[in-house]
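Okay, so here's the structure we're looking at.
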Amino acid sequence: MKKILFLMSDTGGGHRAAAEALRDAILSKYEADVKLIDVFRTYSPFPFKYMPEFYPWLINHSKSSWRVGYKLSDSRRSARTLSRGMYVTMESGVKQMLRDNPADVIVCVHSVLTPVSMQALMSFEKRPPFVCVVTDLVSTHMFWYDRRADRTLLPTRPAYERGLMAGLKPEQMRVTGLPVHPDFAASLTDKASARKALGWDPDRPAILIVGGGEGMGPIQKTAQAINSRNLNCQIAIIAGRNQELETKLREADWNQPTHVYGFVTDMPRLMAAADILVTKAGPATISEACIAGLPMIIYDAIPGQETGNVDYVIDNNAGVFAPSSRAVADSVQAWLAEGPKGLERRSRNAHRLGRPNAVWDIADEIWEYAHKPLIANNRRNLFKEFAAESKRLITTI
Ligand code: UDP
């Protein structure tokens with residue numbers, strides 16, 4: 001049985017979601033032994049071991065430090081130097097992980113883990129093929145692009161262009177779209193049935209508000225700004241894992257039918273039932289909304305990896321950017337004033353960007369690579385590469 005190893009980490013929800021979507025797509029078509037490993041959590045020493053805790057803390061408490069760090073590290077040279085530095089600390093753990101988990105193909109869905117694991121693989125006499133599945137949408141960090149990877153699969157054309165800038169060859173890459181779980185497209189229903197199942201008003205336009213899995217951003221303020229306009233609509237607010245927010249939302253008074261949820265497991269139904277999505281610029285949420293044909297009003301973006309997502313949505317007429325609660329309420333009011341025809345037009349624009357087959361295309365490529373023979377690492381090339389890297393590092397210092 002073919003063994004497929006996914007390298008990921010729970011830094012945010014997107015990496016696990018992509019790996020699980022691909023695992024389930026592969027297992028529904030092929031007989032395989034698929035394993036997911038949180039490399040930071042399981043095989044890395046301090047401080048990397050705590051990346052899953054540190055990442056959301058940093059994003060929530062020091063967005064500006066994140067912005068600066070992202071910008072400074074996002075060049076070919078800085079990404080290479082930084083990953084070299086990380087490798088010094090992570091080398092023995094990553095090599096141990098590769099020895100503990102022999103595989104026919106290795107699939108990496110995490111930017112930072114790509115160069116580190118590729119470097120470790122190059123130290124073995126032979127290695128399995130390495131496929132990188134990029135799970136940021138547009139402003140993809142240079143960490144993602146390793147010229148030694150056998151295949152790099154990308155969600156959008158701008159991400160592909162960045163790959164060319166990073167020195168990857170066109171034949172190493174393919175634009176597939178971002179993998180969204182196959183159940184998502186399969187569970188979408190028509191609007192009327194979705195609303196009936198949710199107990200929503202069948203006729204009022206519905207605004208769905210979500211801030212990623214953690215309920216991030218000024219969700220309550222935004223909902224209240226829409227509420228204060230007394231519009232003929234209904235609002236559904238997803239607080240995700242943010243329980244404090246959920247409690248506050250449930251205790252508030254609302255001027256129109258308002259449905260409050262905690263972490264939901266039926267996102268396809270909620271998106272099918274809604275007419276407008278108010279969201280932060282999360283790649284998974286945007287990709288899902290496009291598959292559901294749900295136009296977006298984006299209120300926030302994590303600096304760096306989500307910045308480009310905003311332009312992507314705007315440039316493709318799938319939504320607008322409204323970086324304050326007042327601006328969100330203005331957009332909601334304007335869109336509702338256009339009537340059902342306007343909403344349908346916006347829905348069609350969003351739908352055009354949807355890639356429901358991405359998950360299947362990527363699963364098939366991974367399966368194909370699982371059948372390729374092990375690759376012999378050329379020691380002479382390794383030596384050359386080591387000498388070149390050392391020279392580069394010395395120049396940098
Ligand atoms: N999500 C969910 N239930 C919730 C809130 C969010 O299943 O209550 C899912 C959402 O459908 C998407 C993911 O969580 O698949 C959020 O990913 P995104 O990349 O948008 O943001 P992140 O949470 O990673 O910052």
Side-chain angles (χ1 to χ4, degrees), residues 6-8 14-15 17-23 25-26 29 74 76 79 105-111 113-115 118 129-182 184-185 281-293 296 301 304-319 348-370 372:
F6 279 90
L7 309 183
M8 44 75 63
H15 307 112
E20 287 181 350
L22 291 168
R23 175 196 62 195
I26 290 167
K29 273 183 96 169
D74 189 23
R76 275 169 77 172
V105 63
I106 294 182
V107 185
C108 187
V109 297
H110 197 291
S111 60
L113 296 175
T114 301
M118 197 66 238
F130 186 91
V131 178
C132 174
V133 179
V134 176
T135 58
D136 288 323
L137 263 189
V138 179
S139 35
T140 38
H141 196 281
M142 280 294 144
F143 279 137
W144 280 112
Y145 303 102
D146 194 307
R147 283 183 283 179
R148 299 164 296 184
D150 302 290
R151 196 71 166 145
T152 298
L153 302 173
L154 297 138
T156 61
R157 187 76 201 175
Y160 174 91
E161 305 287 344
R162 284 184 60 76
L164 292 177
M165 265 169 56
L168 268 68
K169 298 194 188 85
E171 59 271 24
Q172 275 179 290
M173 298 187 283
R174 179 179 163 204
V175 180
T176 51
L178 191 99
V180 169
H181 200 285
F184 187 91
T285 304
I286 291 176
S287 305
E288 290 163 2
C290 291
I291 294 173
M296 285 154 267
Q305 73 267 41
E306 287 185 2
T307 309
N309 302 358
V310 176
D311 295 332
Y312 180 69
V313 166
I314 295 172
D315 294 348
N316 289 287
N317 296 316
R348 280 195 299 277
N349 290 340
H351 199 244
R352 263 197 290 277
L353 280 187
R355 304 283 297 248
N357 288 328
V359 69
W360 298 112
D361 292 344
I362 300 171
D364 288 345
E365 279 236 17
I366 292 170
W367 188 242
E368 191 190 316
Y369 272 83
K372 292 191 190 275

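Here the structure is a predicted model, which is why all the values come from computation and not from measurement. In what follows, every heavy atom counts, from backbone to side chain, and hydrogens, waters and symmetry copies are set aside.
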Closest heavy-atom pair and its distance - [X], [Y]:
X    : Y    : answer
T114 : C108 : OG1-SG, 3.5 Å
Y145 : A166 : CB-CB, 3.5 Å
E288 : V180 : CG-CG1, 3.8 Å
P182 : A21  : CD-O, 3.8 Å
L178 : T135 : CD1-O, 3.5 Å
M118 : R148 : CE-O, 3.5 Å

Quick one: pull up [atom1] in [X] and [atom2] in [Y] and give me the separation to the nearest 0.5 Å.
X    : Y    : atom1 : atom2 : value
E306 : T285 : CD    : OG1   : 8.5 Å
L153 : I366 : CG    : CD1   : 7.0 Å
I106 : C132 : CD1   : SG    : 12.5 Å

[X] side chain to [Y] backbone, donor-acceptor under 3.5 Å:
X    : Y    : value
S287 : P283 : yes
D150 : F130 : yes
R352 : G293 : no
E20  : A17  : no
T307 : G304 : yes
N316 : A318 : no
T156 : L137 : yes

So, do [X] and [Y] sit near enough that their side-chain heavy atoms are less than 4.5 Å apart?
X    : Y    : value
F6   : V105 : no
R174 : R151 : yes
V134 : T152 : yes
W144 : D136 : yes
M142 : M165 : yes

### Query
Without hydrogens or angle criteria, can the side chains of Y312 and S139 be said to hold a donor-acceptor pair below 3.5 Å?
no
### Message
Do the side chains of R355 and D361 get close enough for a salt bridge, i.e. N-O under 4.0 angstrom?
### Response
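Salt bridge flag = no for D361 with R355.
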### D74 with R162: basic N within carboxylate O range, under 4.0 Å
yes
### Task
Start with the C-alpha gap between V359 and L22, add the side-chain angles, then the distance that decides, and say whether side-chain contact (heavy atoms from CB on, under 4.5 Å) holds.
CA-CA 6 Å; V359 69; L22 291 168; 4.0 Å; yes
### Task
Evaluate side-chain contact (heavy atoms from CB on, under 4.5 Å) for V107 paired with V133, printing each intermediate quantity in order.
CA-CA 7 Å; V107 185; V133 179; 3.7 Å; yes
### Task
Apply side-chain contact (heavy atoms from CB on, under 4.5 Å) to M173 and L164, showing your working.
CA-CA 9 Å; M173 298 187 283; L164 292 177; 3.6 Å; yes
### Task
Determine, step by step, whether K29 and D364 satisfy the salt bridge (Lys or Arg N to Asp or Glu O under 4.0 Å) criterion, reporting the C-alpha distance in whole Å, the side-chain angles of both residues, the deciding distance to 0.1 Å, and the verdict.
CA-CA 9 Å; K29 273 183 96 169; D364 288 345; 2.9 Å; yes
